[in-house]
Amino acid sequence: MATYIARRLAIMVPLLIGITFVTFLVSHLTPGDPILANLGPRAQYDPQIVAQYRQRWGLDKPFLVQYYVYLGNLVRGDLGRSITTDHPVRDDLRQFFPATLELATAAVVIAVAGGLVFGFVIVVFRRTFLKDLLDAMALVGSSVPVFWLGLLGLSWLYYRLGWLPGTGELDPALAPPPYTTGMYAVDALIAGQWATFRNAVAHLVLPSLSLSVYWVGVFARVVGSSLFEVLQSDYVRTARSKGLGESAVLLRHAFRNVLIPVVTMLGLAYGGLLSGAVLTEAIFSWPGVGQYAYRAAQFFDFPAIMGVTLVVSVLYVVVNLLVDVSYAFINPQVRYQ
Amino acid sequence: MRQKRWTWLVALATFALMLTSCGGGATPAASSEPTGGTSEGTGGKTLVIAQDLSKITRFDPERIFEIPAYLTDGNVYDTLVTYKVGDDNHIAPSLAAALPEVSGDGSVYTFRLRPNVKFASGNPLTSADVAFSFNRLENLQDDPAYLADGIQSIETPDDLTVKITLKYPDASFLAALTATNFAVLDSKLVKEHGGQSGPDAAKTDTAEDWLNAHSAGSGPYTLAEYMPKQRIVLKRNPNYWGPPPGVDTVIITHTGESAAQSFAVQRGTVDIAMDLNIHDLKAVQAGQGIRIETGPTFDLVYLGMTADPAKSKPLSDPHVRLAVRHALDYDGIINDLLQGGGYRPASIIPVGLLGNSQAMNDGLQPKTDIALAKKELSDAGYPDGFSATLLYVSQTFDGVPFDALAAKIQSDLAKVGIQVTLQPMQSSAAREKTRNGDLQFYLGTWGADYLDANDFAQVFSPGGPLADRDMHYKNDALKDLVVQADSTTDPDRRTSLYKRIAEIQLEDGPWAVLVQPKLRYAVRSEVANIAVNPVYLIDLSQAQKK
């Protein structure tokens with residue numbers, strides 16, 4: 001197992017270098033001029049300012065030299081400076097990435113919990129009204145745009161009823177908790193700031209719900225079909241013939257086997273939720289990496305584009321590794337050499 | 001092993017439940033209520049503003065160019081002279097004790113500074129700070145550097161005297177000094193953090209990071225905290241030389257969506273909402289306890305028409321451009337599409353600037369006259385019209401939705417037989433086209449860099465970037481007039497020259513100016529004494545809150 005993990009981690013290095021090269025190439029080949037996107041209309045017409053700008057952002061050098069310089073800085077842990085925020089990319093990622101991670105994690109938790117409950121209900125109560133209702137919900141959940149759902153939620157639960165707070169990670173008057181992980185709910189908990197913690201969690205509810213609705217539907221279907229299969233299997237028939245109650249059969253025998261496809265989906269969902277966060281972040285003014293990447297792409301902010309790609313790639317690779325490793329724990333038949 | 005896994009699952013489920021149920025008890029904190037925890041501004045009054053911060057990149061006043069950042073810098077820094085709100089064409093002294101003495105030929109400006117002014121740091125403000133700041137603006141070679149292009153030299157004969165010599169007489173210089181980019185910085189403090197003002201400042205200055213998170217000004221507030229795309233916190237400056245503001249803390253919270261801003265101001269989560277669209281402004285107005293504060297921008301939204309026959313044969317004919325100016329339904333655009341959210345300048349100089357008084361403007365406005373438009377078209381040889389593309393950036397500018405505006409232009413021009421194809425684009429892609437003049441119709445914007453007619457006459461006339469590069473428009477007589485107007489010091493003579501420029505542009509020019517938008521902010525009734533400001537959006541120096 002340890003060698004397997006070490007090998008997987010070692011493959012990451014050439015993989016990530018490859019990713020940086022492709023991203024660098026694609027972002028530089030995209031037609032468009034960072035000067036036009038970022039300098040004001042007057043400054044664009046001033047050759048001296050334009051030359052100064054190209055030099056400052058290293059845009060005056062040939063492509064391969066730019067890439068070489070970037071790699072060299074990267075090795076020293078320097079991700080460069082973002083054009084659109086005028087901050088070091090590393091500081092930006094430290095600030096924006098945890099916000100998205102917090103949102104995506106909350107959404108994953110809701111999606112898995114909701115998917116398990118609904119999936120079981122669909123199978124156990126099949127041929128009933130409840131099943132049709134959940135089927136309909138899963139369908140609606142996977143076809144309604146996040147944008148509309150988010151605004152609807154804000155309009156009702158915040159504006160009309162006042163049950164939940166509005167946009168942002170915290171109420172405007174609250175200061176963010178001291179930085180530990182960058183995730184406000186977690187940091188507030190660590191610092192023991194209960195009011196801030198409650199507020200941060202309350203602010204998470206609407207965005208993570210609207211982000212997860214689609215995935216609740218997906219998980220419910222995966223759990224449902226997998227459970228249906230498991231219930232037809234020999235060992236379930238044996239368990240039943242031993243005289244075990246239905247709840248014991250479901251929870252003790254079926255549940256663990258249903259988890260395998262759920263864990264596989266989890267890796268996919270995490271990636272999907274990270275990228276799906278772009279729209280949710282926009283509606284909820286969530287200071288996450290999705291909006292950061294979106295603006296960076298619009299304004300040819302190469303250092304920021306590279307930084308986001310790198311972090312997301314690392315995360316993808318790590319999540320996939322965790323998914324593979326967790327199979328071994330869930331199903332003792334799985335072994336890695 | 002099995003036991004452990006079950007515990008883990010139970011914990012997970014509990015967390016999920018907590019997450020979904022926890023919100024039930026939390027009510028949105030109105031900004032006036034104490035929120036507990038680590039609330040900002042304890043023991044003082046806090047004003048909360050919702051603003052879209054996504055476009056802000058920095059706060060160094062000698063580098064900023066993004067409009068939303070001027071709200072912060074304008075309330076943190078002072079300039080020598082300032083635009084006096086509610087009094088068109090009027091420039092009032094701020095850090096200067098009085099308006100400057102100007103030499104007979106209009107090229108030397110001598111300022112006496114207000115005595116006993118201190119920066120927020122406690123350092124005294126002297127003429128050396130002014131020289132440092134203006135030199136730094138010029139030598140950083142960043143976006144706003146061109147504002148200082150005309151400065152030949154700055155002398156400081158004593159601590160309270162600044163003598164600025166220009167390269168050429170420039171009647172618009174005083175107006176340019178009202179721009180927040182001409183803020184006076186605490187040179188001692190800025191130098192401590194790597195600030196440079198010498199000729200090589202573009203390479204040696206390292207104060208940028210510090211100035212993005214702190215301030216070095218003498219204004220009513222200081223920049224206490226900046227978290228990108230999240231929030232800005234301003235604190236009252238205890239050393240402020242003017243009457244102290246009525247609030248201790250201003251929190252500017254990032255709210256990107258207009259609908260979210262409208263919810264927040266109606267529930268009282270925020271006191272001021274700055275980026276409401278027309279639809280939400282209406283919704284907010286219908287509610288209780290909120291008023292709309294209005295002020296002019298000195299921005300223009302215009303329809304450009306190429307003068308290059310290679311791009312569009314019909315549009316290169318001045319008669320056709322005149323026909324377009326008479327075919328547009330200006331009142332429909334302003335009253336229906338924008339719900340009254342703008343003024344209607346006759347030509348390229350906004351209403352209310354020197355050189356375009358309201359009375360003069362009303363006399364010059366082209367009238368909507370379909371018959372006249374059709375006659376001009378057939379005189380030019382296009383009795384059945386022609387077709388052309390309309391390039392525009394798909395955006396909302398000062399509350400003007402460009403997609404809807406482009407559709408309105410399309411339907412107006414169809415009435416005289418001009419078939420318009422819409423070409424919406426992202427801003428960088430559109431810029432790629434405009435810089436080569438690769439366009440036929442173009443829906444564009446120009447914001448005042450400083451409040452003077454010259455800023456507009458120059459860019460929209462031959463010799464200026466919009467006329468030369470975007471529209472390929474040539475007219476030597478007009479070019480000479482613009483130079484002449486800017487070097488004239490006599491206000492009456494200047495006014496008549498700008499009137500002549502506007503008339504020529506209306507007969508021959510490549511523009512149909514559509515609207516000069518208004519700033520419209522929703523303000524809760526607990527808040528008083530805020531002044532909408534065309535330079536830095538809202539003057540918070542006298543803000544009061546119940």
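All heavy atoms count here, side chains included; hydrogens, waters and symmetry mates do not. Order of the sequence lines sets the chain letters (A, B, ...), proteins ahead of strands, with each chain counted from 1.
Contact of A/E169 with chain B is made through the side chain alone, with heavy-atom distances under 4.5 Å. Contact of B/A202 with chain A is made through backbone and side chain together, with heavy-atom distances under 4.5 Å. Proximity to chain A is limited to the side chain of B/T253, based on heavy atoms less than 4.5 angstrom apart. In this structure, chain A has a heavy atom under 4.5 Å from the backbone of B/I56, while its side chain stays farther away. For a residue to count as touching a neighbouring chain, one of its non-hydrogen atoms must lie under 4.5 Å from one of that chain's; by this rule A/Q48 touches chain B with backbone and side chain alike. Both the backbone and the side chain of B/E432 come within less than 4.5 Å of a heavy atom of chain A. B/D470 touches chain A through its side chain: at least one heavy atom from C-beta onward sits under 4.5 Å away, while N, CA, C and O do not. In this structure, no portion of B/F59 lies under 4.5 Å from any heavy atom of chain A. The contact between A/T85 and chain B is made by backbone and side chain atoms together, counting heavy-atom distances below 4.5 Å. For A/F96, the part lying near chain B is the side chain, with the backbone staying farther off; criterion is any non-hydrogen pair under 4.5 Å. At a 4.5 Å heavy-atom cutoff, the contact between A/F300 and chain B is made by side-chain atoms alone.
Between A/D86 and A/R56 there is a salt bridge, since at least one side-chain N of the basic residue sits less than 4.0 Å from a carboxylate O of the acidic one. A salt bridge links B/D142 with B/R58; the closest basic N to acidic carboxylate O contact falls under 4.0 Å. Under 4.0 Å is where a charged nitrogen must lie from a carboxylate oxygen, and between B/D143 and B/R63 no such pair does. Between A/D301 and A/R295 there is no salt bridge, since no side-chain nitrogen of the basic residue lies less than 4.0 Å from a carboxylate oxygen of the acidic one. Salt bridge annotation for A/R81-B/D209: present, with a cationic side-chain nitrogen under 4.0 angstrom from a carboxylate oxygen.
Between B/H214 and B/W210, the ring planes are parallel. Angles under 30° get that label, and only those over 60° would be called perpendicular. Between B/Y302 and B/F460, the two ring planes are perpendicular [angle over 60°; tilted spans 30° to 60°].
The candidate from A/A282, A/S155, A/A43 with the greatest count of non-hydrogen atom pairs under 4.5 Å with chain B is A/S155. Ranked by non-hydrogen atom pairs under 4.5 Å with chain A, the options B/E66, B/Q426, B/Q261, B/E257 are led by B/E257. Residue with the most contacts toward chain A among B/A50, B/A260, B/P228: B/P228 (heavy-atom pairs, distance under 4.5 Å). Most heavy-atom pairs under 4.5 Å with chain A, from the set B/K203, B/E208, B/H254: that is B/E208. Ranked by heavy-atom pairs shorter than 4.5 Å toward chain A, the options B/A264, B/A145, B/A259 are led by B/A264.
Side-chain atoms of B/S258 come within 3.5 Å of backbone atoms of B/N277 as a donor-acceptor pair (strictly under, hydrogens ignored). Between the A/W286 side chain and the A/A99 main chain, a donor and an acceptor come within less than 3.5 Å of each other.
Judged by the 6.0 Å and 45° rule, A/R94 forms a cation-pi pair with A/Y179.
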